[in-house]
Amino acid sequence: MKKILTLLLSAGLVATATQAVSSPKEDLEKFRMYYEQRFPGIQLDDFGNGPYALDASKRLQWESMEEFPPYEDYIDKGSEIWETPFKNGKSFASCFGKDPSKVRVKYPHWDKASSQVVTLEGDINKCLKDNGEKPFGWKKGKIAHLGAFLGYEARGQKINVVIPDDPKALEAYEEGKHFYYAKRGQLNLACADCHIQYPGHRVRGQLLSTGLGQTTHFPVFRAKWSKAAANSDGMGTLHRRYGGCNKQVRARPFKAQSRQYRNLEFFHTYMSNGLAINAPGYRE
Amino acid sequence: MTKLTKRLGPTATALALCIGLVLSAQASAADLEAGKKIAFDRSKGNCLTCHHIEGGTLPGNIGPPLVAMKSRFPDKAKLRAQIWDATAINPHSIMPPLGRHRILSEKEVDLVTDYIYSL
């Protein structure tokens, strides 16, 4: 434990009140190096497989799931949503371009004009509204199906979030970073506590994934979600997961697509720059 | 000397009584059972999320297994302090401050401390 703490401290990964502001690039280098030293031998892209990169027996179970992946139907549904014209005759291609494989890699990004982080989900609903259609729900259902299709089409491309040298963009990034390291909720836990200090350890039966690679495979099919309720088919967006991780520490979750979660996504996805997109993923 | 003992007599008896009281303040079986229940309950102590405890199913392994506690915490007050607010001892601790954040009441922290101390 002491060794880990020293490593964390030297990597500057333990949030302290006096934390000096470092550049996103420096943060990324430290973040990456920390996991590489902690889990030597794991290939960079493999971190995108979450707990399955860290535990051989979990990996075997997962690989057998992947033979007939439960998310396949939803990729097909997403493809249909992509193809189906709006009432005005246009379709999603009018907003995102004709090639569905080129969409996912553009998100999240900083939008200078509106001075905010724009996410794929945000643009999906914007496209619907701009075309006089009813927007989708934010966390599951059609938005996740379309996301699954666009993620699948983009598989293998590298995450490449750009943090422009613009004070407002850096502020958004800092807010997201702070979110990840700040203790919150009645249980007083930070994302970093679980996913930086203790990846590879178990909370009850669940193996904690590394913060590195945590966003590459969203939207995700989660077995737990598929059993959650009749209107839940297992597919969920990243912000749905954020809400879940907030709730389990007894903190009030923010709204999906709130500024807080968009900024968190900005930081969190940037930290996985260079890893291959492998959406949609399967998780237990 | 005998004079002194005689004079101290009543005080010494009182002292002995006090010690006796402290010793008999050892938790009853029912209290231990109540402490265990709180420790295992997911909506209360939920210690198994992170610690192996004898008799608990699906323990996590974030914190050390809770065994031989008397040898690790000869001073029970220190054990209680760890449970009350682990971050007072290690500011980076992931262990929730069960007392300070009112996850458990004073009484519940006492019961859990007694139970953990018995392990």
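Naming: A, B, ... by sequence-line order, numbering from 1 per chain. No hydrogens, no waters, no symmetry mates; every other heavy atom, side chains included, goes into these values.
- Side chains of A/Asp27 and A/Tyr173: a donor on one and an acceptor on the other come within 3.5 Å.
- When each of A/Arg202, A/Arg204, A/Arg250 is scored by its heavy-atom pairs under 4.5 Å with chain B, the top score falls to A/Arg204.
- Of the atoms belonging to B/Pro64, not a single heavy atom falls under 4.5 Å from chain A.
- Proximity to chain A is limited to the backbone of B/Thr57, based on heavy atoms less than 4.5 angstrom apart.
- In the displayed structure, A/Gln206 atom CD is contacted under 6.0 Å by at most 12 heavy atoms of other residues, nucleotides or ligands.
- Sorted by first and then second residue, the salt bridge (charged side-chain N to carboxylate O under 4.0 Å, His left out) pairs involving residues 268-284 of chain A (not counting sequence neighbours) are A/Lys58-A/Glu284.
- Residues of residues 49-57 of chain A lying under 4.5 angstrom from chain B, judged on non-hydrogen atoms, do not exist here.
- Counted within 6.0 Å of NZ on B/Lys70, heavy atoms from surrounding residues, nucleotides or ligands total more than 12; the atom is thus considered enclosed.
- Residues passing the ring-ring contact (aromatic ring centres under 6.0 Å, His included) test with A/Trp225: none are found, sequence neighbours excluded.
- Ranked by heavy-atom pairs under 4.5 Å with chain B, the list A/Leu208, A/Leu189, A/Leu187 is led by A/Leu187.
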Task: Check against side-chain contact (heavy atoms from CB on, under 4.5 Å), A/Arg59 and A/Asp46 - done: CA-CA 11 Å; A/Arg59 187 178 191 103; A/Asp46 209 16; 3.1 Å; yes
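- For the options B/Ile103, B/Leu58, B/Asn61, heavy-atom pairs under 4.5 Å to chain A are most numerous at B/Asn61.
- At a 4.5 Å heavy-atom cutoff, the contact between B/Arg100 and chain A is made by side-chain atoms alone.
- Using modelled atom types and a 3.5 Å distance limit, the side chains of A/His195 and A/Tyr180 yield no donor-acceptor pair.
- Checked by atom type, the side-chain pair A/Thr215/A/Glu265 shows no donor-acceptor distance below 3.5 Å.
- Under the salt bridge (charged side-chain N to carboxylate O under 4.0 Å, His left out) criterion, A/Lys25 pairs with A/Glu29, sequence neighbours left out.
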